[in-house]
Every structure is written in C-alpha cells, then in structure tokens.
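As structure tokens, the structure follows; a few thoughts come after it.
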Amino acid sequence: MTIKTILFDFDGVVVDSERLHLRALGEVLHNHGISYPNDLLNDFVGKSDSMFYQYVIDNLNSSYELDYLLKQKNKIFNKLVCELQPIDGFLDFIDVVMQKNISRAIITSSSEETLKMISEIFPFQNYFDIVVCEEDTTEHKPHPAPYLLGLERTGGEKETTLIIEDSANGIKAGKSAGCIVFGLTTSLPRKPLLEAGADKVFDSYKEISDFIHFE
C-alpha cells in the first residue's frame, strides 16, 4: 500500500478529546434547562460546535444566541481539557510517519480557540506543519471541503492519501474527497464507521501500522 500523505482528524484520532467535547456540549444544555434526545450528541460527533448549537437554536430552544452558547461551551471545555491525553498508540505511529517523511496534516472541525487550549496541554503542533480548522472553510464535515483543502495544502494526491477518522461524518467527508479512509474505533464501534463508507476499520494504531506495513 503506497501512502504519501496522511490527513488526521483531531478529536478522537490525535487526542482523546471527543468525550470531553461531548460532555461540555451537553453540560451547556443541561445548565440552561434545554432538553434534548439521548442520541443527539453522538449524531454530531465529527461536526463543529457551531453546527451543534445552531441545530439546538433552530430545533430545540431559540432563547440563546449562538456566540453565547459557544462561549459557555468553551468555558466548560477549558476546565475539562486538563484530563486530555493523546490517543493510545498515536505517538509511536506519528514517529514512524515523520521518520518516513510522509506529508501529514490535521483536518478538524474544532475551532482555533479550542486548538489553542489543547496545545497548551499537548503540543500536537510539534508533529504537524499543516492544520485545517473550523475557520478555514465555509463548509464542514460531512462536506469534503476541509479534506480538499488539506489535499491542496499538502500537495497530496487522492490515490495516495490516507485519511484517519473516528466519526461517520468525517468518513463521509473523506470518501467524498476521493481519498482512502480508515476508521478508528475510539469514538464509535465498527458498524457505523463501515456504513459511513470507511475502506477499513481498526481498533488501534498498531493495527493500522501493521496493515500498511510500516517497518
């Protein structure tokens, strides 16, 4: 398998932050007395905070402004971020990727503000020269725009670019961009990742490394 570029999702793929984001998103609603379906949070895994709260405003409660809800979420996340750790196996995997001079980038729905908070706990920027975040595109996952921008900025070709994702929305974006997409079961089980179109699904970075024959 020839891989010349790897585009990484961030939350749940580089850092174990997906669960923290979901906690913060839900706490904001709880603190403001906004009821929501049990599966709502999981439906927005891989989407931006703005998309989540815009849905809340449009469908559940229009009493609050989007910017206000986002600020409340960031306050809560800032308190939770101290619990953050890199995804198990990521550091070993990225070391090999760097040794082989494979182009790499982060393609995330997270905002610049969120990334700044995380970078103070885990300096992920040491491993990536290119980061595409929420503010860089007007369309967001599951739209392919973030990954198409990642291809442009890395100079990657679709046929030799691997995307690693943990969400159905991210997998749909990656496949729509025409790339090879691997699912990682850090946030969701295998079935929804495969149903979203993942070419392969793995339980660990070790399995991914073995499959693409890193030495």
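Computed from a predicted model, the values in this text were never measured in an experiment. One is the number of the first residue; the rest follow in order along the sequence. In what follows, every heavy atom counts, from backbone to side chain, and hydrogens, waters and symmetry copies are set aside.
- Heavy-atom minimum distance, Tyr205 versus Gly89: CB-O, 3.7 Å.
- Put simply, the side chain of Val14 does not reach to within 4.5 Å of the side chain of Tyr127, judged on heavy atoms.
- Taking hydrophobic clusters as Ile, Leu, Val, Met, Phe, Trp and Tyr residues chained together by side-chain heavy-atom distances below 4.5 Å, Ile163 shares a cluster with Leu193.
- Residues Ser167 and Asp9 have side chains that never bring a donor and an acceptor to within less than 3.5 angstrom of each other.
- Ion pair Lys206/Asp210 flagged as a salt bridge, since at least one NZ, NE, NH1 or NH2 atom sits closer than 4.0 Å to an Asp/Glu carboxylate oxygen.
- Under the 4.5 Å side-chain heavy-atom criterion for ILVMFWY residues, a single connected hydrophobic cluster contains both Leu80 and Leu22.
- In terms of hydrophobic clustering, with Ile, Leu, Val, Met, Phe, Trp and Tyr side chains grouped at heavy-atom distances under 4.5 Å, Leu194 and Ile164 are assigned to different clusters.
- Under a 3.5 Å cut-off, the side chain of Asp136 and the backbone N or O of Cys133 do form a donor-acceptor pair.
- Hydrophobic clustering (ILVMFWY, side-chain heavy atoms < 4.5 Å, transitive): Ile3 and Phe202 are in one cluster.
- Phe122 has its side chain within reach of Phe90: a pair of non-hydrogen atoms, C-beta onward, lies under 4.5 Å apart.
- Relative to the ring axis of Phe77, Lys73 places its NZ or CZ within 45° and under 6.0 Å from the centre.
- Judged by distance alone, the side chain of Lys175 and the main-chain N or O of Ala196 form no donor-acceptor pair under 3.5 Å.
- Across every non-hydrogen atom of Phe44 and Met51, the tightest pair is CE2-O, 3.7 Å.
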Between Met117 and Asn74, is the side-chain contact (heavy atoms from CB on, under 4.5 Å) condition met? List the steps. CA-CA 9 Å; Met117 280 190 281; Asn74 283 336; 4.0 Å; yes

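- Residues Leu70 and Ser50 form a side-chain contact, since some pair of their non-hydrogen atoms from C-beta on lies under 4.5 Å apart.
- For Glu27, the CD atom sits in a packed shell: over 12 heavy atoms of surrounding residues, nucleotides or ligands are nearer than 6.0 Å.
- Checking side-chain atoms of Glu134 against main-chain N and O of Ser48 turns up no donor-acceptor pair under 3.5 Å.
- For the 3.5 Å distance criterion, the side chains of Gln72 and Tyr53 fail to qualify, holding no donor opposite an acceptor.
- Ser17 places no side-chain N or O within donor-acceptor distance of the main-chain N or O of Leu20, the cut-off being under 3.5 Å.
- Considering CD1 of Ile94 and CD1 of Ile102, their distance stands at 9.0 Å, rounded to 0.5 Å.
- Separating the CZ atom in Arg153 from the CG atom in Asp129 is a distance of 12.5 Å, to the nearest 0.5 Å.
- Heavy-atom contacts from other residues, nucleotides or ligands closer than 6.0 Å to CD of Glu83 number more than 12.
- Note that the CD atom of Gln125 and the OG atom of Ser119 stand 5.0 Å from one another [nearest 0.5 Å].
- For the residue pair Pro86 and Leu91, the shortest heavy atom distance occurs at CG-CD1, 4.2 Å.
- Tracing side-chain contacts under 4.5 Å through hydrophobic residues (I, L, V, M, F, W, Y), one never reaches Val181 starting from Val13; they form parts of separate clusters.
- Within 6.0 Å of NZ in Lys47 there are more than 12 heavy atoms belonging to other residues, nucleotides or ligands.
- Counting heavy atoms from C-beta on, the side chains of His21 and Thr114 come closer than 4.5 Å.
- To the nearest 0.5 angstrom, Ile106 atom CD1 is 8.5 Å from Phe8 atom CZ.
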As a quick check of understanding, evaluate side-chain contact (heavy atoms from CB on, under 4.5 Å) for Tyr55 and Asp43, giving each step before the final call. CA-CA 11 Å; Tyr55 177 89; Asp43 288 345; over 6 Å; no

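- Of the possible polar contacts, one joining the Thr186 side chain to the Gly12 backbone as a donor-acceptor pair under 3.5 Å is found.
- Contact annotation: the side chain of Thr137 never approaches that of Leu148 to less than 4.5 Å [non-hydrogen atoms, C-beta and beyond].
- Here the closest heavy-atom approach between residue Gly183 and residue Ile171 is recorded as CA-CD1, 4.2 Å.
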Applying side-chain contact (heavy atoms from CB on, under 4.5 Å), run through Phe10 and Val131 and close with a yes or a no. CA-CA 10 Å; Phe10 189 62; Val131 177; over 6 Å; no

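- For the residue pair Pro146 and Lys141, the shortest heavy atom distance occurs at CG-N, 4.0 Å.
- Summarising the geometry of Thr5 relative to Gly156, their closest heavy-atom pair is OG1-CA, 3.6 Å, with the distance given to 0.1 Å.
- In terms of modelled atom types and a separation under 3.5 Å, the side chain of His32 and the main chain of Val28 share a donor-acceptor contact.
- No donor-acceptor distance shorter than 3.5 angstrom exists from the side chain of Arg104 to the backbone of Met98, with no hydrogens or angles considered.
- Considering only heavy atoms from C-beta on, Gln54 comes within 4.5 Å of Ile57 through its side chain.
- Looking only at side-chain heavy atoms (C-beta outward), Ser111 and Glu135 come within less than 4.5 Å of each other.
- Here Thr161 contributes atom OG1 and Leu151 contributes atom CG; the two are 5.0 Å apart, rounded to the nearest 0.5 Å.
- A side-chain contact (heavy atoms from CB on, under 4.5 Å) with Phe52 holds for exactly one of Leu69, Leu29, Val45; it is Leu29.
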Are Tyr36 and Val56 close enough, and set up right, to give a side-chain contact (heavy atoms from CB on, under 4.5 Å), and what steps lead you there? CA-CA 8 Å; Tyr36 59 93; Val56 169; over 6 Å; no

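- With rounding to the nearest 0.5 angstrom, the OG atom of Ser209 is 9.0 Å from the CG atom of Asp92.
- Heavy atoms from other residues, nucleotides or ligands lying under 6.0 Å from CG of Asp203 number more than 12.
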